[in-house]
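Following: one structure in structure tokens, then a few remarks.
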Amino acid sequence: MTAAGADERPGRGRTWQEVLVTILLVLAALGTSWSSYQATRWTGEQAKVAGRINAIRIDAARAQGLSQSQSQVDVATFIAWVDADRRGETDVADFYAHRFRAEFRPAFNAWMATRPSTNPAAPPTPFAMPQYQLASAQEAERLDAAAAASTAEVLRDLQTASNYVLTVVLYAVVLFFAGMSTKIAGRRLRWILIGIGCLVFVIAIAWIATFPVSVAV
């Protein structure tokens with residue numbers, strides 16, 4: 001029998017090849033199922049976070065609108081106080097001063113302490129004072145920051161889903177090389193194809209080990 005014929009003769013080497021190919025095909029199929037499941041899960045996570053972002057932005061818009069309304073009330077009452085104070089109408093000025101909003105009063109008192117009528121270095125209005133703080137404005141800023149953080153989370157979830165999809169492609173490569181090895185007559189070429197499949201599989205497993213996992217309970 002020729003050397004070529006010996007190369008084709010079934011033996012222990014061919015048996016080990018078949019066992020390895022079978023294991024590789026099974027693992028690649030399982031990996032494909034897992035990655036597909038995870039890609040679906042992370043796409044769902046992204047959708048949930050995106051829905052939460054919409055709710056956060058609505059709340060932020062409401063808080064911002066309330067902040068603007070409160071600022072307008074503070075400005076209107078302050079202008080009315082200034083007009084009355086300049087006209088010397090003390091009673092009217094006191095009337096408006098007693099109706100300042102609680103958040104505006106600390107800034108107004110601090111501004112008055114700077115003696116704005118005689119001190120050229122005093123801030124032009126109480127609204128320039130650091131004491132003028134609106135809880136609604138701070139809430140709007142907090143919600144905007146939360147929306148930005150959630151947007152970043154959406155991008156991470158999308159990237160994770162895309163990475164899992166890419167591993168499905170890698171598993172498909174593994175399946176291709178493992179499957180092709182069963183169609184090749186040459187023993188050495190079969191080992192080369194199996195080796196490439198194993199290498200791609202190891203790379204896929206090593207990469208997927210760095211991914212976060214989402215499991216439905």
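The model shown is predicted, which means the values in this text are computed figures rather than measured ones.
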Determine, stepwise, if the pair L24 / F177 fulfils side-chain contact (heavy atoms from CB on, under 4.5 Å). CA-CA 10 Å; L24 195 58; F177 280 104; over 6 Å; no

Residues pairing under salt bridge (Lys or Arg N to Asp or Glu O under 4.0 Å) where one sits in residues 59-73, two or more places apart or in two chains, turn out to be D59-R62

Considering non-hydrogen atoms only, spot the tightest contact between A93 and A84 and give its length. N-CB, 3.6 Å

Among all residues two or more places apart in sequence or in another chain, which pass the ring-ring contact (aromatic ring centres under 6.0 Å, His included) test with F95? none

With S36, which residues qualify under side-chain contact (heavy atoms from CB on, under 4.5 Å), at least two apart? T32, V168

Going by side-chain contact (heavy atoms from CB on, under 4.5 Å), name the residues that satisfy it together with L30, two or more places apart in sequence or in a different chain. V26

Side chain to side chain donor-acceptor pair (under 3.5 Å) filter on Q131, not counting sequence neighbours, yields none

Atom pair CZ/OG1 of F100 and T77 - distance to nearest 0.5 Å: 5.0 Å

How would you list all residue pairs meeting salt bridge (Lys or Arg N to Asp or Glu O under 4.0 Å) that involve residues 151-180, not counting sequence neighbours? R52-E153

State whether a side-chain donor-acceptor pair under 3.5 Å links E103 with Q133. no

Could you tell me if Q38 and W42 have a donor-acceptor pair between their side chains, going purely by distance under 3.5 Å? yes

Could I get the full list of side chain to side chain donor-acceptor pair (under 3.5 Å) partners for E141, not counting sequence neighbours? none

With sequence neighbours excluded, tell me which residues meet side-chain contact (heavy atoms from CB on, under 4.5 Å) with F78. W81, V82, F104, F108, W111, T125, P126, F127

By side chain to side chain donor-acceptor pair (under 3.5 Å) - contacts of E139 (at least two apart): R142

Could you give all pairs that pass the salt bridge (Lys or Arg N to Asp or Glu O under 4.0 Å) test and reach residues 66-81, with sequence neighbours left out? D74-R101

Residues in side chain to side chain donor-acceptor pair (under 3.5 Å) with S136, at least two apart? Q70

Closest non-hydrogen contact found for S214 with E45 is OG-OE2, 3.4 Å

Go through the structure and list residues passing side-chain contact (heavy atoms from CB on, under 4.5 Å) with D144, not counting sequence neighbours. A60

